[in-house]
Amino acid sequence: MDSERDRSTGVTTASTATLPAGAVRALDFDALYRAARDDVFAYTATLLNDRGAAEDVTALAFERAYRRRSRFDARRGSPRAWLFGIARNAALDELRRRRRAATTPLPEARPEPAPDEAAEQAAERDAVRRALRSLQARDRELIALKYHADLSNAEIAAVVGVTPSNAGTQLHRAMTKLREALDA
Amino acid sequence: MPDLETLLRDVRPTPDPAFTARLDAKAAAGFPRRRRAPRLRAHFAALSLATATAAGLVLIVVLIGRHVQTGGDDSATTASAPSEAARDAAGGSAAAPMSPERRAVLRNASLTLSTTPGNVEKTADRAISITDALGGYVASSSTDMSGDHASAQLQLKLPTDQLDTGLAQLSKLAHVKARSQQAQDVTDQRSTLEARVRDARADRDGLRARLRKAATDAERAKLRAKLDRATRRVTSAERDVARINRDTSYATVDLAVEGTREPAAAVPGGRWTPGDALKDAGRVLEVIAGVALIALAILIPVAILAAPTALAGRALTRRRRERALQAS
């Protein structure tokens with residue numbers, strides 16, 4: 001998971017408030033925050049299709065996780081799975097509350113390629129974004145957890161509450177639907 | 001064209017730097033709560049604590065009060081008895097013991113008090129004072145003071161309508177070890193005796209009339225003998241009626257005072273010693289344990305009710321979230 005921790009960049013290194021000794025042993029919240037901040041945002045933004053809502057949900061998820069950090073049980077899953085479970089609940093609560101689609105477009109964040117490739121790659125990415133948005137929320141969620149949050153199948157299973165093999169199957173189906181949407 | 005997985009990673013949304021800066025600052029500050037929520041929560045916690053403390057104190061006071069009343073401190077309770085007896089006597093003795101009532105009920109009670117050996121005699125004296133004040137009398141009394149052992153047996157006669165008052169006052173004299181009351185309706189029995197009096201009087205009056213009309217000495221002598229027997233029957237029947245009236249007018253209280261309790265103050269002069277402090281501490285702990293037990297008795301059923309409700313609530317929330325996901 002070291003590579004995953006590198007996903008979030010530019011995170012302030014200031015330590016969070018002092019944690020209880022037992023909690024520190026069980027969960028390094030500061031490290032988890034640094035490693036997962038951008039991933040949680042990416043996941044919630046893809047799921048909600050709304051940048052503003054994703055920001056709110058990301059902040060809420062980390063706040064809830066911070067308050068509940070002493071309740072984290074390493075035997076029940078990895079810290080990332082636990083955190084994304086909290087983020088998922090917050091996102092679904094937001095979906096329940098709003099029941100509306102995204103209003104803010106998700107901008108391209110990657111560095112622009114060379115000028116001769118730019119148009120082609122931009123078109124491909126737009127197509128992927130459109131296809132992703134056309135999927136149902138459950139499929140979008142699985143893809144976001146896998147490719148935007150870089151969770152393993154076991155972690156995805158823990159987050160959405162299914163078995164790891166079932167998570168793999170559902171993810172495969174979601175990818176198939178995405179390909180079909182791209183080809184359409 | 002890059003593969004789909006690479007493209008998906010390429011379109012991964014990235015947060016706005018302004019947002020991440022704000023979130024980092026929040027994280028560094030330990031996600032401070034918004035102002036309203038903590039204030040409400042703090043008040044709620046403080047109110048809960050205050051309520052629980054007040055309830056606990058009230059409970060402790062009530063329990064200690066009850067403990068003292070049921071014999072925890074003999075001297076304190078006995079001191080108040082004579083004044084209460086006198087107060088009740090002021091209004092209570094005015095009631096006539098022989099007040100006629102439609103029903104005749106024999107009432108009696110037995111009461112066993114336990115106190116320290118040194119207090120037995122004093123308790124017996126106070127019982128007698130109460131009896132006198134209520135218009136009753138002492139039918140018998142005996143006190144046994146041999147060595148460390150002390151006890152007293154009294155048979156008190158209290159006006160029937162003062163029995164409940166008397167028992168209440170006697171019960172305050174010391175720790176009540178046993179108490180019982182019995183009642184027997186003898187209305188029919190009294191009616192029979194009264195009828196017998198009326199018959200005997202009628203018989204006597206008839207004999208007197210015949211005696212007045214008797215013409216010979218022999219007849220008069222014979223009638224006088226009959227009249228004497230009839231008069232004795234009348235007297236006997238009247239005595240029976242008077243006895244049953246007396247029995248129903250006064251209730252019998254068999255009072256036993258046992259000197260079986262340990263003296264409360266071991267040190268002469270009544271000084272408060274470390275031993276007393278230890279005993280008091282034990283008593284306080286007893287009361288606290290009692291309060292905790294009562295609290296548990298309240299909390300456990302509440303928890304039993306709350307747990308399934310909470311589980312059902314969580315299941316419902318989970319289902320609603322999944323529905324929201326399906327619907328999006």
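Hydrogens, waters and symmetry mates are skipped; everything else that's a heavy atom, side chains included, is used. Below, chain A is the first sequence line, B the second, and so on; all start at residue 1.
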Where does B:R22 contact chain A at under 4.5 Å (heavy atoms): side chain, backbone, both or neither?
-> side chain
Hey, mind stepping through A:R80 and A:D150 against salt bridge (charged side-chain N to carboxylate O under 4.0 Å, His left out) and telling me if it holds?
-> CA-CA 10 Å; A:R80 282 176 71 83; A:D150 271 337; over 6 Å; no
Within residues 168-180 of chain A, the residues sitting under 4.5 Å from chain B by heavy atom, in sequence order, are A:M175, A:L178, A:R179
Out of A:K146, A:Q136, A:R88, which one racks up the most heavy-atom pairs below 4.5 Å with chain B?
-> A:R88
For the side chain of A:R96 and the backbone of B:A324, is there at least one donor-acceptor N/O pair under 3.5 Å apart?
-> no
Under 30°, 30 to 60°, or over 60°: which ring-plane class applies to A:F41 and B:F19, parallel, tilted or perpendicular?
-> tilted
How are the rings of A:F62 and B:F31 set relative to one another: parallel (under 30°), tilted (30 to 60°) or perpendicular (over 60°)?
-> parallel
Any side-chain donor paired with an acceptor under 3.5 Å for B:W272 and B:D280?
-> yes
Just by distance, with hydrogens left out, do B:S114 and B:H175 show a side-chain donor and acceptor under 3.5 Å apart?
-> no
Turns out that what part of A:N89 lies under 4.5 Å from chain B's heavy atoms comes down to both
Passes salt bridge (charged side-chain N to carboxylate O under 4.0 Å, His left out), A:R76 versus A:D73? Steps please.
-> CA-CA 6 Å; A:R76 295 172 65 182; A:D73 185 356; 5.0 Å; no
